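Please read the structure below before turning to the comments.
Just the heavy atoms: all of them, side chains too, but no hydrogens, waters or symmetry mates, feed the values below. Since the structure is predicted, the reported quantities are computational estimates derived from the model, not experimental observations.
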Amino acid sequence: MSSIFLFFSTFSLTYHYLFYGEDPLLIAIFYGHFSPLWFLIGPFTFFYVRSVLENNKSTFYWTDLLHSLPALIHLISFSKYYFIPFSQKLDFANHVIHNLNYIHNLNHFGYFYSQKFAFLIRPIHGFAYSAGTLIYFLKATKQNRSHQIQWILFFLISLSLISFYFIFLFLLAVESTNLQTTFNYLPIKILTEIYFLSIPVAILIKFPEILYGKHKFIRPKTEPKSDEFNLSFETDENKQIATEIVRFFEENKPFLNPDFEFHDLQKALDLSEEELKISMKYILKKKFTELRSEYRINYAKDLIKSGLTQTTSIDGIGTMAGFSNRANFYSTFKLLSGLTPSQYLQSLKAEKTKNN
């Protein structure tokens, strides 16, 4: 996913500087040099979706190399352009700034096809991959409507629309005798900006969990009971992770080890830092340190209730509960129960006397 956004960013910047920029240095840097990467957006999109369907197992097959052939062909076709002097590229950039139609003068750099053909084949290639991957994904998921499914559907549909839009745009460019007028046409400029902003804005507003990493894709065992989409972090995946955390605490009692830290929990459950933090924050509603302290104090209370104070000091009980020092034990106990350990013991004795 990071590679997709990186490749897409180079395309966006190249497009912006070439058609709307006025800095020859930036045009010379971006124009042409990154174009082979744009043929990898489609394949990487397919790899990303496939890895999600395979529970994030990023398996690589030798046949996957075939997906890189268009990028390799384009790299070879325009390799001559990479070796011309940079001063010549700056001169080209200055001509483009004054007359955008000058861009067609670079058609002679392609060994296999012209620059006009490259303009058109790139969005067609992207549309074929995004639309094909969308069909593949819909067949694999069918009625699954988890939040991650919504994200991938949005992502694939957006890429398909963007690619289709650029097919239309570059068809106009190929036939146009005045590229400056074509690309400065207000509706085209507005649509272009909307398309370039749609995915990052959607990630920040509607799909923020994408920024925290990948989550396991779980196929539903039964038919969904509701047609409503899950629009929060309270997904089945996160609830399952929260259940695993609680089970691990209760069955293994790792909190009794004074050195037990967050990375130990992460290693034991074989989950990413982001997955654990999201499940704790939005499902358990606690930080790791809060959860660990609660289990330690509850364990200490159970020891006190059991009558262990007849043979063991309260400080010793704090050590047995996983606290590394007396001060931390007493302050945490008071914070969570409203009483010091000694006051808690006295309250138990008073209650017992009252009942007798």
Side-chain angles (χ1 to χ4, degrees), residues 1-48 60 62-130 159 162-163 165-167 169-177 179-180 182-183 192 195-196:
M1 179 56 68
S2 299
S3 300
I4 294 170
F5 287 144
L6 177 62
F7 301 159
F8 194 81
S9 297
T10 62
F11 173 76
S12 302
L13 289 171
T14 302
Y15 175 89
H16 172 76
Y17 290 129
L18 183 63
F19 295 110
Y20 303 113
E22 297 183 356
D23 189 329
L25 178 62
L26 291 174
I27 295 176
I29 291 174
F30 279 92
Y31 182 76
H33 295 109
F34 301 101
S35 56
L37 297 178
W38 306 338
F39 284 97
L40 295 177
I41 295 176
F44 274 52
T45 298
F46 170 70
F47 297 154
Y48 168 70
F60 184 82
W62 70 268
T63 52
D64 289 339
L65 293 173
L66 297 176
H67 293 278
S68 65
L69 282 179
L72 181 61
I73 291 173
H74 184 77
L75 177 64
I76 296 173
S77 180
F78 287 90
S79 58
K80 184 165 54 174
Y81 177 77
Y82 288 89
F83 298 102
I84 66 174
F86 192 73
S87 58
Q88 189 174 340
K89 296 176 183 178
L90 282 173
D91 182 62
F92 158 76
N94 281 302
H95 279 87
V96 167
I97 291 173
H98 292 94
N99 181 12
L100 191 56
N101 286 70
Y102 191 82
I103 194 174
H104 293 317
N105 291 348
L106 284 183
N107 283 331
H108 64 278
F109 280 103
Y111 285 118
F112 305 141
Y113 45 81
S114 68
Q115 190 72 322
K116 284 186 177 181
F117 182 79
F119 275 152
L120 190 57
I121 197 63
R122 280 194 293 264
I124 292 176
H125 176 269
F127 179 78
Y129 263 97
S130 54
L159 281 185
I162 290 172
S163 300
Y165 167 71
F166 275 100
I167 292 174
L169 192 62
F170 288 131
L171 276 174
L172 290 179
V174 168
E175 298 297 328
S176 175
T177 57
L179 291 177
Q180 200 74 49
T182 299
F183 285 97
T192 302
Y195 280 140
F196 279 138

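Heavy atoms only, all atoms of each residue included: Gly126 and Ser163 are closest at C-OG, 3.5 Å. The two atoms that bring Pro24 and Leu90 nearest to each other are O-CD2, 3.7 Å, heavy atoms only.
For His33 and Tyr81, the ring centers are positioned less than 6.0 Å apart.
The CZ atom of Phe47 lies 4.0 Å from the CG atom of Asp64; values are rounded to the nearest 0.5 Å. Distance CZ/Phe34 to CZ/Phe7: 11.0 Å, rounded to 0.5 Å. Asp23 CG to Asn94 CG: the interatomic distance, rounded to the nearest 0.5 Å, is 9.5 Å. For the atom pair Leu37 CG and Thr10 OG1, the distance stands at 5.5 Å (nearest 0.5 Å). Here the CG atom belonging to Leu40 is positioned 11.5 Å from the NE2 atom belonging to His67, to the nearest 0.5 angstrom. Considering CG of Leu26 and OH of Tyr17, their distance stands at 4.5 Å, rounded to 0.5 Å.
No donor-acceptor pair closer than 3.5 Å links the side chain of Thr45 to the backbone N or O of Ser130. Distance alone, capped at 3.5 Å, places no donor-acceptor pair between the Ser77 side chain and the His74 backbone.
Using a 4.5 Å heavy-atom threshold, the side chains of Val96 and Tyr31 count as separate. Looking at Leu25 and Phe86, their side chains come closer than 4.5 Å, going by heavy atoms from C-beta outward. Contact annotation: the side chain of Leu72 approaches that of Ile76 to within less than 4.5 Å [non-hydrogen atoms, C-beta and beyond].
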Test Ile84 against Phe92 for side chain to side chain contact (heavy atoms under 4.5 Å, CB included), laying out the working first. CA-CA 11 Å; Ile84 66 174; Phe92 158 76; over 6 Å; no
Criterion side chain to side chain contact (heavy atoms under 4.5 Å, CB included) on Leu75 and Tyr82, from CA distance to verdict: CA-CA 9 Å; Leu75 177 64; Tyr82 288 89; 3.9 Å; yes
Carefully, step by step, assess Tyr129 and Leu159 under the rule side chain to side chain contact (heavy atoms under 4.5 Å, CB included). CA-CA 9 Å; Tyr129 263 97; Leu159 281 185; over 6 Å; no
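The aromatic rings of His125 and Phe39 sit perpendicular to each other, their planes meeting at more than 60°, with 30° as the lower class boundary.
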